[in-house]
Amino acid sequence: SVDLAPGGAALPHSAPSLSCPARPAPSGPGAMSYDYDYFVIGGGSGGLASAKIAADLGAKVAVADFVKPSPAGTTWGLGGTCVNVGCIPKKLMHISALYREMQSDANGVGWDTKSSHSWGDMVTKVNNYIKSLNWGSKSELRSKNIKYYNAFATFEDAHTVLLDDGKGKVEKATFKYCLIACGGRPNYGDYPGAKECCISSDDIFWQKKPPGKTLVIGASYIALECAGFIAGLGFDVTVMVRSILLRGFDADMAERIGTFMERHGVKFAREMVPSKFEKLSDGRVRVFVNGKEYGVYDTVLMAVGRTGCAGQLNVKAAGLEYLEKNGKIKVNEADQTSVPHIYAVGDVCDGKPELTPVAIQAGRFLARRLFGGAKKLMDFTDVATAVFTPIEFGTVGLSEDAAKEKFGKERVKVYHTIASPLEWSTNNHRSADGDEGYMKLIVDRADNERVVGVHILGPNAGEVIQGLAVAVKVGVTKEQLDDTVGIHPTFAEAYTTITDEKVQGAMLKKGGC
């Protein structure tokens, strides 16, 4: 992270510069008073993290959270997207799906396993765990004397929110500072019948009925992760892709993921979009492409993007504007909106990484600046992430294309290697399918081969990339990785022995033990 410079310039948009002061605290006779020092709209990871730090620093804090049902009728408790319909259930179902192939790996070392899977039992047990997290979040708010409103908050003016509990009761609350951390929800495109016939990531993790024959529409990480675990659990899955996989990620890695998924039973319908949907009398969905019937599916899962929820908050009453194209708010480097005492973090912010740990970090830093005298700002560079596709993808830093655009093609050098996990080596099915792990380092030739991007495909890629993210953050060079002694035999040790430069047209050979 970086320190807040006095009078720091704002980003090039309508949000204020850092020299624009927040509303001063009430003082003296007749000073304006508020119900709360800090009012947080949104009970997701970022909002809760910020609220708890503010309370620890002595602020009087309230949190409002209310989940409107999805078009299919799904709703959930306190905790936001990650806990309820994102990271947590997605990772658990990914793990469940991986177990099927892990049994095949175990056969290569003497195990003869016979087991079956129940979709309904999985969903029930995952949901029960999520509900325990919901309860824990409520308990923690109580223990910190944070007022929790299970109500939908909208602005009445720049210092007042209306709180509608959905049962006819509307309250008002005033605040000195406000944090908008309401996140986003899946969008369904403008396809006729989509909301009536399809589900989204808001629904799949709470759906007790097995998905059956499934069509996933979209090529985002949400689309591929859901397609991956549904297929891994034995269901027929097709992914309908408009253009490229995993836009915004390294293109080479994205195509490798697609190839792996195809080898493991996921079908891809490329350069295709639906034109409409119809619900059949038996509950199945008929899908049309270019006006012609494409197929009939038990489940159609829309994963074509997400829209921020700022447009639902009546932000104009507070003097704020939002971007109608994506439902998001512009903020400056101090998380300030164009109204100096109103801030935003997380997925509702335009141009910021839509990642839970980013929202948490930004929210905590903000609370410490507002109530603890801190000056540190959130640093959005070199944020690591993982995509939990059937072959996991861990990444930090720049993609190949982004590095070449930033530094110029001549300055960029790419090292890569095939690194197959030991546990795959005795599984003949892996060999027949051509399964292999892959690692790539992107370095800047002009800066002592400083590593500017790291990308990994293989088991537990998220665990591996987390450690490497620290190294990238502090400017590790290729030579320093070479000087590091690997742990043998591990998948991750391959990063310490990469020597092959990626050259167009050259074949990369698998190394030995």
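FYI, side chains are in, hydrogens and waters are out, and symmetry mates aren't considered; it's all heavy atoms of this structure.
- What you find for Leu320 and Ser338 is that their closest heavy atoms are CD2-OG, 3.5 Å.
- Of the possible polar contacts, one joining the Asp250 side chain to the Met253 backbone as a donor-acceptor pair under 3.5 Å is found.
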Task: From CA spacing to verdict: side-chain contact (heavy atoms from CB on, under 4.5 Å), Leu313, Tyr322 - done: CA-CA 10 Å; Leu313 306 183; Tyr322 75 97; over 6 Å; no
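- Between Tyr149 atom OH and Lys169 atom NZ the span is 9.0 Å, to the nearest 0.5 Å.
- Looking only at distances, a side-chain donor or acceptor of Asn314 sits under 3.5 Å from a matching main-chain atom of Phe155.
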Task: Worked verdict on Ile342 versus Cys178 for side-chain contact (heavy atoms from CB on, under 4.5 Å) - done: CA-CA 5 Å; Ile342 299 178; Cys178 179; 4.2 Å; yes
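- Without hydrogens or angle criteria, Ser143 side chain to Glu140 main chain gives a donor-acceptor distance under 3.5 Å.
- Checked against Asp350 for a salt bridge (Lys or Arg N to Asp or Glu O under 4.0 Å), the options Lys325, Lys328, Lys330 give a single hit: Lys330.
- Side-chain contact check for Thr299 versus Phe235: every heavy-atom pair is 4.5 Å or farther apart.
- Proximity of Lys209 to Asp298: side-chain heavy atoms (C-beta onward) are nowhere separated by under 4.5 Å.
- In plain terms, the two heavy atoms of Val452 and Ala403 that are nearest each other are CG2-CB, 4.4 Å.
- Across all their heavy atoms, Leu57 and Arg368 have their closest contact at CD1-CA, 3.9 Å.
- Within the 3.5 Å criterion, the main-chain N or O of Ala151 finds no donor-acceptor partner in the side chain of Asp65.
- By the 4.5 Å heavy-atom criterion applied to side chains, Ile257 and Leu245 are not counted as neighbours.
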Donor-acceptor pairs under 3.5 angstrom involving side-chain atoms of residues 186-199: please list them, not counting sequence neighbours.
{"from": "Asn187", "atom 1": "ND2", "to": "Thr307", "atom 2": "OG1", "distance (Å)": "3.3"}
{"from": "Tyr188", "atom 1": "OH", "to": "Ser200", "atom 2": "OG", "distance (Å)": "3.4"}

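- Across every non-hydrogen atom of Leu355 and Asp347, the tightest pair is N-OD1, 3.8 Å.
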- [ ] Could you please spell out the steps behind the salt bridge (charged side-chain N to carboxylate O under 4.0 Å, His left out) verdict for Arg369 and Asp335?
- [x] CA-CA 11 Å; Arg369 291 197 304 273; Asp335 307 306; 3.1 Å; yes
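- If you take CG on Leu98 and CZ on Phe229, they are separated by 11.5 Å, rounding to the nearest 0.5 Å.
- Other residues, nucleotides and ligands contribute only 12 or fewer heavy atoms inside 6.0 Å of the CD atom of Glu405.
- Between the His117 side chain and the Ser96 main chain, no donor and acceptor come within less than 3.5 Å of each other.
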Task: Full working for side chain to side chain donor-acceptor pair (under 3.5 Å) between Gln207 and Asp203 - done: CA-CA 6 Å; Gln207 181 176 284; Asp203 308 295; over 6 Å; no
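- Separating the CZ atom in Phe66 from the OG1 atom in Thr154 is a distance of 12.0 Å, to the nearest 0.5 Å.
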Which pairs of donor and acceptor atoms, one on a side chain in residues 38-51, lie under 3.5 Å apart (sequence neighbours left out)?
{"from": "Tyr38", "atom 1": "OH", "to": "Ser50", "atom 2": "OG", "distance (Å)": "2.7"}
{"from": "Ser50", "atom 1": "OG", "to": "Gly363", "atom 2": "O", "distance (Å)": "2.7"}

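- Remark: Lys404 NZ to Leu398 CG distance equals 12.5 Å, nearest 0.5 Å.
- A cation-pi arrangement, defined by a distance under 6.0 Å to the six-membered ring centre and an angle within 45 degrees of its axis, is absent between Lys125 and Tyr129.
- Here Ile456 contributes atom CD1 and Leu441 contributes atom CG; the two are 10.5 Å apart, rounded to the nearest 0.5 Å.
- Interatomic distance, CD1 of Ile146 versus NZ of Lys60, reported as 13.0 Å (0.5 Å rounding).
- Side chains of Leu179 and Tyr177 form no contact here, defined as non-hydrogen atoms less than 4.5 Å apart.
- For Phe393, the ring-ring contact (aromatic ring centres under 6.0 Å, His included) partners at least two apart in sequence or on another chain are Phe249.
- Aromatic ring orientation, Phe175 versus His159: tilted (interplanar angle from 30° to 60°).
- For the residue pair Asp202 and Thr74, no side-chain donor N or O sits within less than 3.5 Å of a side-chain acceptor on the partner.
- Minimum interatomic distance between Tyr221 and Glu354 (heavy atoms only, all atoms of both residues): OH-O, 3.8 Å.
- Of the possible polar contacts, one joining the Glu225 side chain to the Phe388 backbone as a donor-acceptor pair under 3.5 Å is found.
- Inter-residue side-chain proximity for Asn84 and Trp206 is flagged as met; some heavy-atom pair is nearer than 4.5 Å.
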TODO: Step by step, work out the side-chain contact (heavy atoms from CB on, under 4.5 Å) result for Met93 and Val123.
DONE: CA-CA 8 Å; Met93 293 187 184; Val123 170; 4.0 Å; yes
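- Counting heavy atoms from C-beta on, the side chains of Val287 and Tyr297 come closer than 4.5 Å.
- Two residues are said to be in side-chain contact when any heavy atoms from C-beta on lie closer than 4.5 Å; Arg306 and Ile222 meet this criterion.
- Between Met302 and Phe277, some side-chain heavy-atom pair lies under the 4.5 Å cut-off.
- When all heavy atoms of Val358 and Pro353 are compared, the pair lying nearest together is CG1-O, 4.0 Å.
- Other residues, nucleotides and ligands contribute more than 12 heavy atoms inside 6.0 Å of the CD atom of Gln480.
- The closest side-chain donor-acceptor pair between Glu392 and His94 falls under 3.5 angstrom.
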- [ ] Evaluate the side-chain contact (heavy atoms from CB on, under 4.5 Å) criterion for residues Leu224 and Val239: first the C-alpha distance (whole Å), next the side-chain angles of each, then the deciding distance (0.1 Å), finally the verdict.
- [x] CA-CA 8 Å; Leu224 297 190; Val239 180; 4.2 Å; yes
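- A cation-pi geometry, defined here as NZ or CZ lying under 6.0 Å from the six-membered ring centre and within 45° of its normal, holds between Lys68 and Phe152.
- Other residues, nucleotides and ligands contribute at most 12 non-hydrogen atoms within 6.0 Å of the CZ atom of Arg242.
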- [ ] Decide yes or no on side chain to side chain donor-acceptor pair (under 3.5 Å) for Asp401 and Ser399, but give the supporting numbers first.
- [x] CA-CA 5 Å; Asp401 289 340; Ser399 67; 5.6 Å; no
